[in-house]
Every structure is written in structure tokens, then in C-alpha cells.
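Written out below as C-alpha cells is the structure these notes cover.
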Amino acid sequence: MLNALVVLLWPVGIAVILTVTALVAKRSVRRSPPATAPMNGHHGGELLVGVRAARSSIIGMLLILVVGAVAVYALTSVLGVLIVHTGPSIDKPIYYWMIHHQVHVWKSAMDRLTKVGNTWTTWGAAVAAAVCLAAFYRSHKWLPPVALGAAIFIDHYLTLALRHAFHRIGPPDSPLGTFPSGGCDRIFVFYGLIAYLIWREVSGNRRAAIWSAGVIAALGFSEGYSRGYLTLHWFTDIISGIIYGCLILAVFIATIRVVVGPARTPVTQTMPGVPAAMSGQQAPTLQ
């Protein structure tokens, strides 16, 4: 009976996250004000930005990211001190309970699912997204490759620094699963950053942002569940990895907004019966 409940925890958790996301998205549609058209000349000004301006933007972005990475390291280190001292009393009971309630078929399924957060899987997704988005972006084409490349570098070396600082050994059957959980961290850093870069160029809509966040949260829950079910990490390392990944993602989103600006504002659709010229849109020309 308990084995089945542990298995059901995964679909129930996913369903809860997506249901909450749907409710929040529905409420945001009711409360959000009508979208306004972007200011004239905004995108034209972006197209006129020269190589020097782009270079200064890249340098400024990297400097802010370095400062943000230092702040994330400091906050995660404080969390690490708490985990090292109080974690074992939480982790060991959960570990031994999970060991005795695993189902072989479900364990095999989770072993495949957890690869979504592996290093080379997430790095491959980041590189592919950087290439595709650089070709797709109408302006600031340098943003996706610079942001995703910096994410690979910062996430990798920041995680190594934390692991060298704490030297926490993972569970008995997975001693390399150290603090914080890299799989959970990478889900939020890379897939979250890819989703944000797509959203800010394609939509900019609040409802789309809520759904994007909900999907990433569901992926993060799935990765944390699979890592815990397979006992690849201690429970507190999984929670720490989720917090750590969210902090890095928040630094990247804030940096992009500071350097490049907010996402594109969705254009208000023309009301029925209102001429296009009155709505601020260009009237169609006769051929």
C-alpha cells in the first residue's frame, strides 16, 4: 500500500502544480489591464545599436552576473551550513524509508526520467536553444548565446566551489550525490532560462509567463522526485538544489531586464468596427 502511495506522489504532485498554475493564470486574465501597443521607434532604435553598444551591453551583463553569482554563493553557503548540521536527522529516515518502498518497474521509469536534468542533456539543450534563438531574435541577437553560455559557466563552477567548500558525501549507494543537487539546479537554470528567453521575444504576456513558470516548476518537481526516489541525493540536498537553481535563474532574469529591458509588450488588437488608423495600427494598402 505504501509503495503505491509513493508512486502516486509523482502524478499527484504534477497535477497539483498544473492545477494551481491554471487557476493563477485564469485569475491573472481577469485582473490584468488591457495590453498596450509598444512605443513607436523602440524596435527601430534597437536595430540601430552598433557593435560598440552591443559590446558594452555584454560586458555590463557579465559584470552584473558575476556579482549576482557571488551573492548566490553566499546565500547557498549559509544554507549549506544549516544542511550540514541539521540535514542528517532529516535525510536518513527518509532515505531508509524510500529504500524499503521502491517498486522495480517504477524505479526503472524514474531512472530514465531523471536524465532530463543530467549535465550533458541540459548543456545540449542550452547550446541548441542559443543557436536557434540567436537566429530567431529580431534584435539583441547576442542575448541568447551570451546568457546561456554564461549560465553553463557560472552554474558549473559555482557548483564546484560549493562542493569543494562543504565536501558533503551523498547517500551510501550514491556517494557522488553531493550538496546541492545538480540535477534539480540545472532544471531551473537552463530550462527556466530558455523558457524566459522564448517568452520575452514571442509573447511578453502575463498569462504565458505564469504557464511557463508552472511547467518549469512541474519539471523541477519531477526531477526532485526522481532523484529522491532513486536515492541519488539526500532529501535536503534536493531541496537545496531547487532553491539554488531558482536563485541563479532569478539573477539571470534580473540581469537581462536591467541590461536589455523588459519583455516585448503585446499589441492591443483592433476592436471590431474601429478603423485601423484610430487603433494606432497601419491601415492595409490596396494593391
Side-chain angles (χ1 to χ4, degrees), residues 6 9-10 13 65-102 107 110-111 113-123 125-126 150-193 216-253:
V6 177
L9 181 61
W10 181 80
L65 287 176
V66 170
V67 174
V70 173
V72 171
Y73 179 84
L75 292 173
T76 311
S77 296
V78 174
L79 179 61
V81 173
L82 297 174
I83 294 301
V84 169
H85 288 85
T86 63
S89 60
I90 301 173
D91 294 325
K92 290 183 179 180
I94 295 176
Y95 168 77
Y96 288 114
W97 190 88
M98 191 66 70
I99 285 292
H100 291 91
H101 293 89
Q102 289 179 334
K107 185 177 179 180
M110 289 297 105
D111 186 57
L113 182 64
T114 199
K115 290 180 172 58
V116 175
N118 284 358
T119 300
W120 291 108
T121 305
T122 52
W123 286 10
I152 292 175
F153 183 86
I154 290 176
D155 177 74
H156 178 66
Y157 286 101
L158 200 61
T159 304
L160 288 179
L162 287 168
R163 291 179 177 177
H164 282 299
F166 291 96
H167 298 285
R168 194 180 191 212
I169 300 176
D173 49 353
S174 182
L176 297 179
T178 55
F179 169 89
S181 170
C184 298
D185 147 52
R186 287 186 291 269
I187 289 291
F188 288 94
V189 173
F190 294 106
Y191 297 128
L193 185 55
I216 298 301
L219 284 175
F221 170 80
S222 178
E223 184 68 15
Y225 172 88
S226 63
R227 299 269 165 162
Y229 192 85
L230 297 171
T231 63
L232 297 176
H233 288 282
W234 297 117
F235 176 77
T236 53
D237 290 345
I238 293 172
I239 300 301
S240 301
I242 293 174
I243 297 174
Y244 172 60
C246 290
L247 288 175
I248 296 179
L249 177 61
V251 167
F252 271 85
I253 292 177

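- Between Ile94 atom CD1 and Ile99 atom CD1 the span is 13.0 Å, to the nearest 0.5 Å.
- Among pairs with a residue in residues 217-232, those fulfilling salt bridge (Lys or Arg N to Asp or Glu O under 4.0 Å) read Glu223-Arg227, at least two apart in sequence or across chains.
- For Thr119, the side-chain hydrogen bond (donor to acceptor under 3.5 Å, both in side chains) test picks out Arg186, with sequence neighbours left out.
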Would you please test Tyr229 and Leu9 for side chain to side chain contact (heavy atoms under 4.5 Å, CB included) and show each step?
CA-CA 10 Å; Tyr229 192 85; Leu9 181 61; over 6 Å; no

Would Trp123 and His156 count as a side chain to side chain contact (heavy atoms under 4.5 Å, CB included) if you check the C-alpha gap in whole Å, the side-chain angles of each, and the deciding distance to 0.1 Å?
CA-CA 10 Å; Trp123 286 10; His156 178 66; 3.9 Å; yes

From CA spacing to verdict: side chain to side chain contact (heavy atoms under 4.5 Å, CB included), Ile83, Trp234:
CA-CA 10 Å; Ile83 294 301; Trp234 297 117; over 6 Å; no

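- Applying the side-chain hydrogen bond (donor to acceptor under 3.5 Å, both in side chains) rule to Thr178 yields the partners Arg163; only residues at least two apart in sequence or on another chain are considered.
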Donor-acceptor contacts under 3.5 Å from residues 168-177 side chains, at least two apart:
unit_1, atom_1, unit_2, atom_2, d
Arg168, NH1, Thr236, OG1, 3.2
Arg168, NH1, Asp237, OD1, 2.5
Arg168, NH1, Asp237, OD2, 3.3
Arg168, NH2, Asp91, OD2, 2.7
Asp173, OD1, Tyr95, OH, 3.3
Asp173, OD2, Thr231, OG1, 2.8
Ser174, OG, Leu232, O, 3.2

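- Of the inter-residue distances, the one linking Leu158 atom CG with Leu247 atom CG reads 10.0 Å to the nearest 0.5 angstrom.
- Listed by chain and residue number, Phe166 satisfy the ring pair (Phe, Tyr, Trp, His ring centres under 6.0 Å) test with Phe179 (two or more places apart in sequence, or in another chain).
- Contact between Pro88 and Pro93 at its shortest, heavy atoms only, is O-CD, 4.0 Å.
- Between Leu82 atom CG and Ser77 atom OG the span is 11.0 Å, to the nearest 0.5 Å.
- Summarising the geometry of Ala126 relative to Ile152, their closest heavy-atom pair is CB-CD1, 4.1 Å, with the distance given to 0.1 Å.
- Residues forming a ring pair (Phe, Tyr, Trp, His ring centres under 6.0 Å) with Phe153 (at least two apart in sequence, or on another chain): Tyr157.
- Contact annotation: the side chain of Tyr244 never approaches that of Phe188 to less than 4.5 Å [non-hydrogen atoms, C-beta and beyond].
- With values rounded to the nearest 0.5 angstrom, Leu162 atom CG is found 11.5 Å from His167 atom NE2.
- Of all heavy-atom pairs spanning Leu249 and Gly192, the tightest one is CD1-C, 3.7 Å.
- Proximity of a side-chain donor or acceptor of Thr76 to a complementary backbone N or O of Val72 within less than 3.5 Å is detected.
- Side chain of Thr121 to main chain of Gly117: no donor-acceptor pair is present (N/O by atom type, distance under 3.5 Å, no hydrogens or angles).
- Across all their heavy atoms, Thr114 and Ser226 have their closest contact at OG1-OG, 3.1 Å.
- The two residues Ala125 and Tyr191 have their closest heavy-atom pair at CB-CE2, 3.8 Å.
- Put simply, the side chain of Val6 reaches to within 4.5 Å of the side chain of Tyr225, judged on heavy atoms.
- When atom types are taken as modelled, the side chain of Ser222 and the backbone of Ala218 share no donor-acceptor pair closer than 3.5 angstrom.
- For His100, the NE2 atom is loosely surrounded, since the number of other residues' heavy atoms within 6.0 Å does not exceed 12.
- Separating the CE atom in Met98 from the CG atom in Leu230 is a distance of 9.5 Å, to the nearest 0.5 Å.
- Between Ile243 atom CD1 and Cys184 atom SG the span is 11.0 Å, to the nearest 0.5 Å.
- Smallest separation of non-hydrogen atoms from Gly245 and Val189: O-CG2, 3.7 Å.
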